[in-house]
There are 2 protein chains.
Amino acid sequence: MPPPSTRVQLLDAAEHLFAERGFRGTSVRAITDRAGANLAAVGYHFGSKAELLAAVIRRVVEPINAAQNAGLDRLLARTPDPSVTDLVEAFAGPLFDEMPVGDEGGARTSRLIVTILGDPAEEMRAWTGPAEDTIRDRFLAAFGRALPGLSPEELWFRVRGILAVTAVDRVQAYQQDAPSGLSPVAGDAARQWAITFLAAALSAPPTGSRS
Amino acid sequence: MPPPSTRVQLLDAAEHLFAERGFRGTSVRAITDRAGANLAAVGYHFGSKAELLAAVIRRVVEPINAAQNAGLDRLLARTPDPSVTDLVEAFAGPLFDEMPVGDEGGARTSRLIVTILGDPAEEMRAWTGPAEDTIRDRFLAAFGRALPGLSPEELWFRVRGILAVTAVDRVQAYQQDAPSGLSPVAGDAARQWAITFLAAALSAPPTGSRS
DNA sequence: CCTTCAATCATACGTTTGTTTGAATCGAAC
DNA sequence: GTTCGATTCAAACAAACGTATGATTGAAGG
């Protein structure tokens with residue numbers, strides 16, 4: 001059952017437009033026009049605009065989830081207690097690597113992710129499945145072993161920081177005006193900076209502890 | 001010219017609704033209904049929905065900007081080269097402290113900020129003035145002195161990380177499902193965690209350096 | 001009492017929105 | 001050559017949208 005071309009062209013068009021203008025800022029007509037399809041195609045293939053969004057998100061998130069899981073598997077096969085830096089690399093790396101080709105440094109996809117995470121609308125959080133929870137729990141457990149003495153709450157705070165930094169920073173890097181004289185960041189440079197930044201942040205001593 | 005009550009009630013209502021549903025997800029009618037005002041009141045007092053948004057943002061951002069500037073002044077009056085932790089505190093602290101009362105730990109206002117930062121729409125970036133650039137440049141310079149050896153690009157990356165962590169983390173803390181068994185973060189605990197997290201992250205050795 | 005002016009009001013306009021409908025089209029199976 | 005299921009199509013739908021208009025209010029000033 002090879003998916004008919006119209007289906008993936010709708011997904012491609014929607015992914016571009018949702019990233020560029022947000023969910024509410026993108027009309028079904030704009031999507032079908034860009035895809036060269038009929039207006040009713042969205043209803044036929046996906047049921048509604050919201051379900052089209054869910055399909056778009058799933059297509060973007062699935063390879064990231066898979067790479068995060070595989071990376072953690074690889075790490076745990078080598079040693080039961082990986083270092084913080086290795087864990088950060090396994091978690092944040094796919095957020096840079098698993099981006100569709102043609103997406104300038106992942107900026108467009110990152111913007112899509114931020115649009116999703118930041119949008120308060122209900123439709124935006126309907127896509128999460130058990131896969132996300134599993135990955136989160138696995139990494140939380142591994143980080144917990146690597147960072148003893150950290151309360152579960154503060155650990156959770158720090159792990160959330162990883163997503164915040166990787167996603168938001170890339171978006172801002174491309175859309176917000178940088179100080180004059182700064183060239184736009186190269187994709188792989190940002191990747192290294194993020195790992196450095198986050199490994200140090202995760203490794204900070206627990207907040208309560210005295211120097 | 002004490003502002004007539006309708007004006008501030010529109011600002012209050014719009015601030016709530018923009019944070020909860022985003023700019024495009026909030027209708028002018030919803031704002032005027034919540035404010036107990038007439039539909040035409042937005043056009044009369046602000047000109048358009050977009051200008052109302054700008055007014056809302058300015059009202060939220062101005063005390064934050066002022067506190068950041070004042071904090072940096074206080075720091076520089078004491079020593080010409082403040083520590084990284086002090087700078088982080090001066091920059092990130094107001095993002096926690098300068099939140100309107102009644103806003104649960106600043107979650108609503110943070111969500112508004114993220115909604116603004118993440119929204120690709122043009123209207124969302126029309127409000128920035130010279131004040132934001134000035135603060136950014138002042139802190140960049142101070143961080144640059146405290147962190148010699150860091151390239152301007154990586155420094156800029158790290159400073160942007162401050163905003164990403166403080167804003168996004170708080171939003172996620174309240175809207176995303178936490179792992180079971182974790183109680184919601186207390187406001188001032190998150191503040192300390194963020195400072196710890198960010199001070200360590202900012203202080204990381206430059207990415208290029210060995211061991 | 002009359003004017004003045006800022007504020008509020010009900011109402012309407014023209015678009016654009018997401019979704020639905022029923023007919024048309026197409027290739028493959030029989 | 002006909003039937004059939006899967007697509008695509010033009011068209012229409014009601015609802016919601018931002019904005020503009022002109023009348024109405026109500027207190028202040030002369």
Side-chain angles (χ1 to χ4, degrees), chain A residues 1-58 112 115-116 119-127, chain B residues 1-57 59 112 115-116 119-127:
Chain A
M1 195 185 293
S5 172
T6 300
R7 216 189 147 87
V8 311
Q9 277 184 280
L10 284 174
L11 285 170
D12 290 341
E15 184 177 318
H16 268 88
L17 292 172
F18 286 154
E20 275 172 20
R21 315 184 198 174
F23 177 68
R24 292 197 157 101
T26 302
S27 69
V28 176
R29 285 165 177 83
I31 297 170
T32 52
D33 283 357
R34 185 185 234 269
N38 186 269
L39 171 59
V42 166
Y44 178 77
H45 285 283
F46 299 95
S48 70
K49 184 189 173 187
E51 292 173 90
L52 169 58
L53 170 72
V56 167
I57 297 176
R58 272 193 295 268
L112 178 64
T115 298
I116 295 157
D119 198 304
E122 291 294 329
E123 301 106 323
M124 296 307 211
R125 241 155 306 288
W127 58 272
Chain B
M1 195 184 289
S5 172
T6 301
R7 214 189 148 89
V8 311
Q9 276 184 282
L10 284 174
L11 285 169
D12 290 341
E15 184 179 316
H16 269 88
L17 292 172
F18 286 154
E20 275 172 22
R21 316 184 198 174
F23 177 68
R24 291 195 159 102
T26 303
S27 69
V28 175
R29 284 167 177 82
I31 298 171
T32 52
D33 282 359
R34 185 187 236 268
N38 186 268
L39 172 59
V42 166
Y44 178 76
H45 285 283
F46 299 94
S48 70
K49 184 188 173 187
E51 292 173 271
L52 169 58
L53 169 73
V56 167
I57 297 176
R59 196 176 63 154
L112 177 63
T115 297
I116 295 158
D119 198 304
E122 291 293 329
E123 301 105 322
M124 297 305 212
R125 240 154 306 288
W127 58 272

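- At least one side-chain heavy atom of A:F46 sits under 4.5 Å from a side-chain heavy atom of A:L10.
- Distance, B:L52 CG to D:dT19 C1': 14 Å, rounded to whole Å.
- When the C1' atom of C:dT17 is taken as reference, atom CD1 of A:I31 falls 12 Å away, rounded to whole Å.
- Distance CG (B:D33) to C1' (D:dG18): 15 Å, rounded to an integer number of Å.
- Rounding to whole angstrom units, CG of residue A:N38 and P of D:dC9 are separated by 5 Å.
- In this entry the distance linking CZ of B:F46 with P of D:dA20 reads 16 Å, nearest Å.
- Residue B:H45 places at least one side-chain N or O under 4.0 Å from the OP1 or OP2 atom of C:dT8.
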For a quick test of your reading: what N or O donor-acceptor pairs under 3.5 Å do the side chains of residues 29-43 of chain B make, sequence neighbours left out?
unit_1 : atom_1 : unit_2 : atom_2 : d
B:T32  : OG1    : B:V28  : O      : 3.1
B:T32  : OG1    : B:R29  : O      : 3.1
B:N38  : OD1    : B:A40  : N      : 2.9

Worksheet, complete the sentence: With sugar-phosphate taken as primed atoms, P, OP1 and OP2 and all else as base, the protein-contact string of nucleotides 19-25 of chain C at under 4.0 Å (heavy atoms; B, S, -) is BBB----
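- Rounding to whole angstrom units, CG of residue A:L53 and P of C:dT17 are separated by 17 Å.
- Within 4.0 Å of B:T26, counting heavy atoms only, lie sugar-phosphate atoms of the nucleic acid but no base atom.
- Contacts classified as side chain to side chain donor-acceptor pair (under 3.5 Å) and involving residues 47-58 of chain A (residues at least two apart or in different chains) are given here: A:S48-A:E51.
- B:T6 places none of its side-chain heavy atoms less than 4.5 Å from the side chain of B:Y44.
- Side-chain nitrogen and oxygen atoms of B:T6 include none within less than 4.0 Å of the OP1 or OP2 phosphate oxygen of C:dA7.
- Between A:E15 and A:L53 the shortest side-chain heavy-atom distance does not fall below 4.5 Å.
- The existence of a salt bridge linking B:R59 and B:D12 is confirmed by a sub-4.0 Å separation between a basic side-chain nitrogen and an acidic carboxylate oxygen.
- Taking 4.0 angstrom as the limit, A:S27 places none of its side-chain polar atoms (N or O) nearer than this to OP1 or OP2 of C:dT16.
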